[in-house]
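Start at 1 and go down the list; that is how both ligands and their atoms are numbered.
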Amino acid sequence: MANVTVIGAQWGDEGKGKIVDWLAERVDAVVRFQGGHNAGHTLVVGENVYKLSLLPSGIVTGTLSIIGNGVVLDPWALRDEMAKLRGQGVSITTENFALADNCALILPIHRDLDGLREAAAGSGKIGTTGRGIGPAYEDKVGRRAIRVCDLAHLDALDSQLDRLCAHHDALRAGFGEPPVDRVRLIADLKEIAPFVLEYAQPVWKRLNKVRKAGARILFEGAQGVLLDVDHGTYPFVTSSNTVSGTAAAGSGLGPSAAGFVLGIVKAYTTRVGSGPFPTELEDETGQRLGERGHEFGTVTGRKRRCGWFDAVIVRQSCAVSGVTGIALTKLDVLDGFETIKICTGYRLNGKVYDYLPAHAADQASVEPIYEEMPGWQETTAGARSWADLPAQAIKYISRVQELIETPVALVSTSPEREDTILVRDPFAD
Ligand code: GDP
Ligand code: IMO
Ligand code: MG
């Protein structure tokens, strides 16, 4: 039975949430496998708009939704998000929601450190979401994290807290901050523990059972490949691996479970936060893309930087993530442009590149090589079949898939769940 792994193929905000929600009706479980509440996904279903950060997007359809071990979990953020969604009528119970008991926690001290570092970095800042993601992953790989399962053993936490606090106190002192308030931290953990433990379980076990029963699993990635800590625009990246390969390690299933890798690709390019962005347009055209695409961050409300479609980075993302097919989203945002540009390569020091070089200075210096295509004046907004698309829009899609060397499986033409064109079914074996 085919599973699907959804990942972002640019710098995030490609429309993963919309596509996961659309696919979720056809799967038995949706699993988040990396990232945390730095993610922000907007789902539009009729009159209802749902904004999710930590909960898998499958929760809105009532599909079994699981937070895997690869996620860093802020339990207070989770509680707030669950309350908000329940207020919108979404049912979240121990039947349809579980989280991994071996998830590392994001604590208030992680958020502190994220903020202190960003403030001190001045113009060199990463532009993080300020959610404590980086510091929490650091503590995880540094083997000093507090994990979900520790919440059931709070009385035996002393030596772990010694290690954690020794590390954080030294860093905090460097910023002129007082040491960690241990008493408060333990009190906070005691208060939140019963809520978290209600949903905690060895999800690897549950997922393996689901898989053996022949059920379909959808792995939901957050962020995008260009924000991957290895493959992205380092150091302007997030602190997890966002590539499809992480689905296995971050959920407790082997790599053969990944199935069809669906790369979500915006029909143009956006980025939030600092870092290189070769096709960025700081002119009227960029402004127009941002306005038409409502490009403001779901999490921080920041304006997203906008630019033309960059086939070089998407081809690279598809390669390093083994993308089987893409979902091309926000095609409607390009409606009405007289001409549309696509970046097909870069020029750097007189040399032509068909990939994004690894060094930050080179990434910041590459000059995009564009080809230009006529746009279309008809509307694609709300199109639900290939036949509804103008000929020139079809030519654009064809050129995109040719340049990225990966076929188009879905096309999205509005924020609304059903405004989606199925070209090739990702679940087909
Ligand atoms: P994610 O982080 O990848 O889930 O994406 P976000 O939800 O942060 O950003 C995508 C935004 O575009 C959301 O506001 C969606 O409602 C919206 N969106 C998704 N697909 C389409 C589309 O095909 N057309 C338009 N106009 N908006 C879309
Ligand atoms: P979704 O899932 C877009 C960016 C931040 C910053 C960098 C590091 O909605 O696509 P972090 O807080 O992770 O340490 O910030 O990564 N970033 C995102 N950009 N969409 C996201 O998630 C992002 N999550 C993190 O803006 O540049
Ligand atoms: Mg987003």
Strictly below 4.0 Å, N to O, side chains only: are R143 and E138 in salt-bridge contact? no
Under 3.5 Å, N or O to N or O, is S414 touching ligand 1 that way? yes
Would you say the rings of F277 and W11 are close, in the sense that their centroids are separated by under 6.0 Å? yes
Find all atoms of ligand 2 within a distance of less than 4.0 Å from any non-hydrogen atom belonging to G273, and give their numbers and elements. 27 (O)
Looking only at N/O atoms, are G15 and ligand 1 under 3.5 Å apart anywhere? yes
Answer yes or no: is there a donor N or O on one side and an acceptor on the other, between the side chain of S65 and the main chain of I59, under 3.5 Å? yes
salt_bridge(R417, D21) N-O dist < 4.0 Å: yes
Given side chains that start at C-beta, do those of R211 and I217 come closer than 4.5 Å, heavy atoms only? yes
Within the 4.0 Å heavy-atom shell around A222, which atoms of ligand 2 are there? 2 (O)
Please step through side-chain hydrogen bond (donor to acceptor under 3.5 Å, both in side chains) for the pair E295 and Y268, ending with a clear verdict. CA-CA 11 Å; E295 297 296 354; Y268 49 101; 2.5 Å; yes
Below a 4.0 angstrom heavy-atom separation, can you tell me which part of T42, side chain or backbone, both or neither, approaches ligand 1? both
Side-chain donor-acceptor pair under 3.5 Å between H110 and D74, yes or no? no
Counting only heavy atoms closer than 4.0 Å, does ligand 2 sit against the backbone of R302, its side chain, both, or neither? side chain
Starting from atom 26 (N) of ligand 1, locate the nearest protein heavy atom and write down its residue, its atom name and how far away it is, to 0.1 Å. D332 OD2, 2.7 Å
Should the proximity of H41 to ligand 1, defined as any heavy atom under 4.0 Å, be assigned to the side chain, the backbone, both, or neither? both
Check: W76 ring centroid to F195 ring centroid under 6.0 Å: no
Tell me which protein heavy atom sits closest to atom 12 (O) of ligand 2, plus the residue, atom name and distance to 0.1 Å. T129 OG1, 2.6 Å
Number the atoms of ligand 2 from 1 as they appear, then name those within less than 4.0 Å of a heavy atom of H41, with their elements. 2 (O)
Salt-bridge criterion met for D114 and R131 (N-O under 4.0 Å): no
So which protein heavy atom does atom 10 (O) of ligand 2 come closest to, and at what separation? K16 NZ, 2.7 Å
Which residue owns the protein heavy atom closest to atom 15 (O) of ligand 2, what's the atom, and how far is it? T128 CA, 3.3 Å
For ligand 2, note which part of L227 has a heavy atom under 4.0 Å away: side chain, backbone, both or neither. side chain
Among non-hydrogen protein atoms, atom 7 (C) of ligand 2 lies closest to V237 O, 3.9 Å
Enumerate the atoms of ligand 2 whose separation from the nearest heavy atom of A39 is less than 4.0 angstrom. 1 (P), 2 (O), 9 (O), 22 (O)
May I ask you to say whether K18 pairs ionically with E418, meaning some side-chain N is under 4.0 Å from a carboxylate O? no
Ring centroid separation for F97 and Y199, is it under 6.0 angstrom? yes
Where ligand 2 meets W11 - atom numbers and elements under 4.0 angstrom, heavy-atom basis: 3 (C), 19 (N)
Short N or O distance, G40 and ligand 1, threshold 3.5 Å exclusive: yes
Starting from atom 20 (N) of ligand 2, locate the nearest protein heavy atom and write down its residue, its atom name and how far away it is, to 0.1 Å. D13 OD1, 3.2 Å
What residue and atom, counting heavy atoms only, is the protein's closest point to atom 13 (O) of ligand 2, and at what distance? T238 OG1, 2.6 Å
Does either side chain, that of S414 or that of D332, offer a donor lying less than 3.5 Å from an acceptor on the other one? no
Atom 2 (O) of ligand 2: which of Q34, R304, Q223 has the nearest heavy atom? Q223
Would you say G40 has an N, O or S atom lying under 2.8 Å from the Mg ion (ligand 3)? yes
How are the rings of Y396 and W376 set relative to one another: parallel (under 30°), tilted (30 to 60°) or perpendicular (over 60°)? tilted
Between the side chains of N241 and Q34, is a donor N or O closer than 3.5 angstrom to an acceptor N or O? no
With only distance considered, is S412 within less than 3.5 Å of ligand 1 through an N or O on each side? yes
For ligand 1, is there an atom lying under 4.0 Å from some heavy atom of R304? yes
Among the N/O/S atoms of D13, select the one at the shortest distance from the Mg ion (ligand 3) and name it. OD1
E280 with R305: basic N within carboxylate O range, under 4.0 Å: yes
Mind checking whether G8 has a heavy atom under 4.0 Å from ligand 2? no
For ligand 1, does T413 get within less than 4.0 Å through its side chain, its backbone, both, or neither, judged by non-hydrogen atoms? backbone
Could you pull out, from K266, K330, H294, the option with a heavy atom nearest to atom 11 (C) of ligand 1? K330
So which protein heavy atom does atom 10 (C) of ligand 1 come closest to, and at what separation? D13 O, 3.8 Å
Does the distance from a Lys or Arg side-chain N to an Asp or Glu carboxylate O, for R399 and E371, drop under 4.0 Å? yes
When you measure from the centre of the six-membered ring of F427, is the NZ or CZ of R26 closer than 6.0 Å and no more than 45° off the axis? no
Donor-acceptor contact present, side-chain Q88 to main-chain V49, <3.5 Å: yes
With a 4.0 Å heavy-atom cut-off (strictly under), which part of P415 contacts ligand 1: side chain, backbone, both or neither? both
Give the contacting part of Q10 toward ligand 1: side chain, backbone, both or neither, where contact means a heavy-atom distance below 4.0 Å. neither
Counting only heavy atoms not in Y370 (residues, nucleotides, ligands), do more than 12 fall under 6.0 Å from its OH? yes
Measure the distance from atom 5 (C) of ligand 2 to every protein heavy atom, then report the residue, atom name and distance (to 0.1 Å) of the closest one. G127 O, 3.5 Å
Atom 27 (O) of ligand 2 - nearest protein heavy atom and its distance: V272 O, 3.2 Å
Any idea which atoms of ligand 1 are less than 4.0 Å away from a heavy-atom of K18? 20 (N)
Heteroatom distance test (G17, ligand 1): nitrogen or oxygen, under 3.5 angstrom: yes
